[in-house]
Undergrad: 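Dropping a structure here in structure tokens format, bear with me for questions.
Indexing begins at 1, ligand by ligand and atom by atom, following the structure's order. Any value given below was found using the heavy atoms of this structure, including those in side chains, with hydrogens, waters and symmetry copies removed. Everything numeric in this text was worked out from a predicted model, so none of it was measured.
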Amino acid sequence: MKLFGSTISPFARRIAVSLNVLGLPYEFVRLSTSKQPDEVRKINPLTRIPAVTLDNGETIIESWAILDEIDQIVGPDQALIPASGSARRQVLQTVSLGVGCAEKSVWAYYEVTKRPEEKVHQPWLQHNEAQVLAGYTNLEDQLKNAGVDSLFRSDSRLNQAGITCAVSFRFTAFVRPELDIRGAAPKLAEFSDECEAMDVFNSVAVG
Ligand SMILES: N[C@@H](CCC(=O)N[C@@H](CS)C(=O)NCC(=O)O)C(=O)O
């Protein structure tokens, strides 16, 4: 399997970490949409990362579709999202919050990096950042009430909710340090630090 993307992308990174956690071999082909758009377009007509090429030559785009395929490959006992029922719903909802925080962080990041400074629209930037903070604050509250095992692990193993939320949190802290999400969500920050100390995360460190 080949994973095309970069470690700054939270969407590519959650796939890399998932493959590491599951011990699945892959080649990480580092590609940037801004520096190598033509290369990226050959793999994904939308010129976006991540994309994965399976061993049979098929290409899959969109991180959720790639993660779904990875869960299919390893089967229900190892899958990072439970197969059914309330356990599945709960993990998917937590993943959705984590992905939402990553998406809105990307929007805020693009607002300040893709526009000339005088064209940055502050109300829109603040709107996106407020959404990011609200997402992490909600996760923090859930963490306080339910604990790490219930929110981020299934059968004592890190699940996709834990991976996605840890990757998103690290991404936001990296690209929007002025938001101080660590201060707003200290328990989540602690969980993020624990994850980032693990080989499966730090072998694909943000940046
Ligand atoms: N929903 C997509 C989001 C992917 C995404 O936003 N990728 C960014 C990099 S983090 C990208 O390719 N940006 C370039 C662009 O959209 O033009 C996924 O989950 O894979």
Undergrad: In terms of relative ring orientation, are F152 and F191 parallel, tilted or perpendicular, with 30° and 60° separating the classes?
TA: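 Taking F191 first and then F152, their aromatic rings lie parallel (interplane angle under 30°).
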
Undergrad: Restricting to salt bridge (Lys or Arg N to Asp or Glu O under 4.0 Å), what partner residues turn up for E140, sequence neighbours left out?
TA: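 E140 satisfies salt bridge (Lys or Arg N to Asp or Glu O under 4.0 Å) with no other residue.
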
Undergrad: According to the side chain to side chain donor-acceptor pair (under 3.5 Å) rule, which pairs have a member within residues 113-122, sequence neighbours left out?
TA: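 Those involving residues 113-122 are E111-R115.
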
Undergrad: Can you name the residues that come within less than 4.0 Å of ligand 1, going by heavy atoms only?
TA: S9, F11, T33, R48, I49, P50, E62, S63, Y110

Undergrad: Between R30 and F28, is NZ or CZ placed under 6.0 angstrom from the six-membered ring centre and within 45° of the ring axis?
TA: yes

Undergrad: Do NZ/NE/NH1/NH2 and the carboxylate oxygens of E190 and K187 come within less than 4.0 Å?
TA: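 No, E190 and K187 are not salt-bridged.
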
Undergrad: Once salt bridge (Lys or Arg N to Asp or Glu O under 4.0 Å) is applied, do any residues pair with R182, and if so which ones, sequence neighbours excluded?
TA: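 Counting only residues at least two positions away or on another chain, R182 forms a salt bridge (Lys or Arg N to Asp or Glu O under 4.0 Å) with D193.
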
